[in-house]
Amino acid sequence: MSQKNIILKVENISKQYRLGVVGTGTLSHDLNRFWHKIRGKEDPYLKVGETNDRSTKGNSEYVWALQDINFEVEQGEVLGIIGKNGAGKSTLLKILSKVTSPTTGSIKSKGRIASLLEVGTGFNPELTGRENIYLNGAILGMTKKEITSKLDEIIEFSGCQRYIDTPTKRYSSGMTVRLAFAVAAFLEPEILVVDEVLAVGDAEFQKKAIGKMQDISREGGRTVLFVSHNMAAVKSLCTKGMLIENGKTVFFGDINKAVDLYFEKNIYVENNSNYVDFKIANQEVQFTKLEMFSINKKEEYIRSNSVLMGDSLTFVISVKANRLVNNIKTSVVIMNANEVKVVALRSHEMTDVVYQSEGDFVIQVRADNLNLMPGNYFITIAMAENNQTISIKEECLSFNIVENDVFGTGKIPSGEYLIYSNATWELRKK
């Protein structure tokens with residue numbers, strides 16, 4: 001292809017679906033398409049259709065799941081494909097894996113492509129785990145001798161030794177994914193395509209799987225296409241990122257920039273001010289508003305969602321209760337852009353006072369010494385009564401920690417860490 005050793009090239013890929021039915025749905029549409037095809041004309045239905053936006057109700061019966069997708073992947077690269085649910089990520093992987101064909105465009109690739117798109121894809125539930133290894137290997141174009149040489153490694157990595165001669169219909173979804181991933185990874189395809197299926201596995205397996213994908217890309221020179229909503233895994237594994245929104249490529253390039261843009265586009269929140277008003281619902285107890293203030297060293301309260309490192313934070317939670325609420329327990333949870341829960345501020349852990357109230361009331365909490373590193377953060381608030389959750393708003397407000405000379409040394413703490421901490425240093429002779 002090119003001197004950059006491009007192993008996968010996607011040009012002008014688009015995929016159109018008709019909503020609600022399989023195929024075009026009517027004989028007249030099929031005949032119309034056939035008539036245009038034999039006359040060498042363009043498919044007439046390519047001119048209709050709407051953008052792939054699952055949150056809106058469209059007027060057309062056709063939708064573009066993907067539109068004009070173009071990218072190149074070099075050998076040994078790990079490409080993270082990210083975006084909201086319904087953005088078109090899985091459709092793209094199915095096209096690359098030849099599960100479905102594109103409406104327009106072309107794909108050029110070198111070597112075998114192994115895919116993990118859904119739990120149990122390519123497995124025969126009546127066959128044993130061992131038999132399915134040979135079946136999947138054959139589908140991937142491997143000889144029996146090649147599969148046999150890797151068999152012990154596949155079984156050991158999967159962790160399914162005890163059940164390897166049991167029909168896979170008796171496997172859990174996690175066990176099935178373990179075995180399927182082991183087959184795809186150890187039979188050494190040139191391109192490995194992995195959808196969100198790894199989320200089915202437990203934490204130990206996810207760590208093993210990510211480590212294995214790193215090994216096959218760095219040491220084996222093989223290419224990985226990885227779709228996940230776990231941004232921490234995406235950033236640690238991938239070298240490049242592609243952000244898809246409503247079936248179109250929004251960004252292709254550095255993985256850190258791709259993830260930052262993913263969050264900037266308000267994936268979690270639709271509000272980027274220092275407060276959010278909640279819609280009034282038909283509930284006995286409900287949150288009506290959340291406000292956030294940063295407090296600087298001069299004890300000045302600042303209305304902004306941009307907070308300097310070292311400043312304190314105050315959260316003001318407005319509540320409407322149509323009855324008396326007893327033993328109120330309130331929590332404010334701060335999560336970072338990698339979906340890691342950084343800190344939880346819980347009233348019942350910090351005070352022995354038992355709160356109760358009714359009507360309209362306000363709960364306020366001040367947090368000093370959070371010591372958060374620069375980056376984007378998201379807030380979840382919850383209220384419980386006698387240990388029973390009665391109201392919760394998840395990731396309802398966002399804020400940004402801005403770099404600051406917190407130590408007064410002219411140097412700003414840096415690195416992929418959650419918090420910073422001051423310390424006293426000294427050097428002594430023995």
Side-chain angles (χ1 to χ4, degrees), residues 1-2 4-19 42-43 45-56 58 60 62-118 189-197 217 223-229 231 234 237-265 267:
M1 294 177 181
S2 79
K4 291 193 296 184
N5 199 14
I6 302 299
I7 196 169
L8 179 66
K9 186 173 184 178
V10 173
E11 295 181 296
N12 302 317
I13 287 293
S14 296
K15 183 66 177 179
Q16 186 188 68
Y17 288 111
R18 187 178 182 191
L19 300 176
E42 184 184 36
D43 187 332
Y45 299 103
L46 296 185
K47 299 175 183 178
V48 299
E50 295 181 327
T51 301
N52 177 23
D53 187 352
R54 61 180 169 79
S55 64
T56 62
S60 173
Y62 289 94
V63 65
W64 287 101
L66 294 171
Q67 267 191 301
D68 298 323
I69 304 294
N70 293 273
F71 64 91
E72 295 178 343
V73 185
E74 295 182 44
Q75 183 176 349
E77 281 189 335
V78 183
L79 175 64
I81 303 173
I82 58 178
K84 292 189 288 188
N85 289 331
K89 306 183 300 297
S90 294
T91 299
L92 176 60
L93 294 194
K94 286 176 181 177
I95 291 172
L96 296 176
S97 305
K98 299 182 181 179
V99 174
T100 186
S101 58
T103 305
T104 65
S106 64
I107 300 168
K108 298 176 183 177
S109 63
K110 296 178 181 177
R112 291 183 296 259
I113 299 178
S115 305
L116 279 83
L117 301 180
E118 295 177 10
E190 279 69 33
I191 302 173
L192 178 61
V193 178
V194 184
D195 204 345
E196 192 65 77
V197 290
S217 63
T223 302
V224 180
L225 305 184
F226 183 52
V227 166
S228 179
H229 291 284
M231 293 300 119
V234 169
L237 175 64
C238 302
T239 53
K240 278 189 178 179
M242 181 166 70
L243 175 60
I244 298 179
E245 188 175 275
N246 298 333
K248 298 180 180 179
T249 303
V250 176
F251 177 84
F252 184 89
D254 179 73
I255 185 60
N256 293 313
K257 291 181 180 177
V259 171
D260 290 344
L261 187 59
Y262 173 81
F263 288 113
E264 285 174 16
K265 285 187 165 290
I267 300 300

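Keep in mind that what you see is a predicted model, and the values were worked out from it rather than measured. Keep in mind that the numbers below use all heavy atoms, side chains included, and drop hydrogens, waters and symmetry copies.
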_Steps toward side chain to side chain contact (heavy atoms under 4.5 Å, CB included) verdict (F71, L92)_ = CA-CA 12 Å; F71 64 91; L92 176 60; 4.1 Å; yes
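- Residues K15 and P102 approach most closely at CD-CA, 4.3 Å, considering heavy atoms.
- With rounding to the nearest 0.5 Å, the separation of NZ in K98 from CD1 in I107 is 8.0 Å.
- Between W64 and S14, the closest heavy-atom pair is CZ3-CB, 3.6 Å.
- Screening N70, L79, L243 against F252 for a side chain to side chain contact (heavy atoms under 4.5 Å, CB included) leaves a single residue, L79.
- Among all heavy-atom pairs drawn from S90 and D195, the shortest one is OG-OD2, 2.8 Å.
- The main-chain N or O of G105 is never found under 3.5 Å from a side-chain atom of E11 such that the two would form a donor-acceptor pair.
- When side chains are defined from C-beta on, I255 does not count as touching K240, because their heavy atoms never get closer than 4.5 Å.
- Distance check: K110 NZ to I191 CD1 gives 10.0 Å after rounding to the nearest 0.5 Å.
- Between the side chain of N5 and the backbone N or O of E74, no donor-acceptor pair lies under 3.5 Å.
- The CZ atom of R112 sits 5.0 Å away from the CD atom of E190 when rounded to the nearest 0.5 Å.
- Atom CD in E245 sits 11.0 Å away from atom CD1 in I82 (nearest 0.5 Å).
- Note that the CD1 atom of I6 and the CD atom of Q75 stand 10.5 Å from one another [nearest 0.5 Å].
- In terms of heavy-atom proximity, L66 sits nearest to G88 at CD2-O, 3.4 Å.
- Across all non-hydrogen atoms, the minimal contact from L93 to V194 is CD1-O, 4.1 Å.
- The closest donor-acceptor contact from the side chain of T103 to the backbone of Q16 lies under 3.5 Å.
- By the side chain to side chain donor-acceptor pair (under 3.5 Å) test, D254 pairs with no residue at all, sequence neighbours left out.
- Using modelled atom types, no side-chain atom of T100 and backbone atom of I95 make a donor-acceptor pair closer than 3.5 Å.
- Proximity of a side-chain donor or acceptor of S109 to a complementary backbone N or O of L8 within less than 3.5 Å is not detected.
- Residues satisfying the side chain to side chain donor-acceptor pair (under 3.5 Å) test with K89, not counting sequence neighbours, are none.
- No option in I81, V224, I113 other than I113 meets the side chain to side chain contact (heavy atoms under 4.5 Å, CB included) test with V193.
- Counting all heavy atoms, side chain and backbone alike, C238 lies closest to F226 at SG-CD2, 4.1 Å.
- How far OG of S115 is from NZ of K94: 11.5 Å, rounded to the nearest 0.5 Å.
- Using modelled atom types, no side-chain atom of S217 and backbone atom of E77 make a donor-acceptor pair closer than 3.5 Å.
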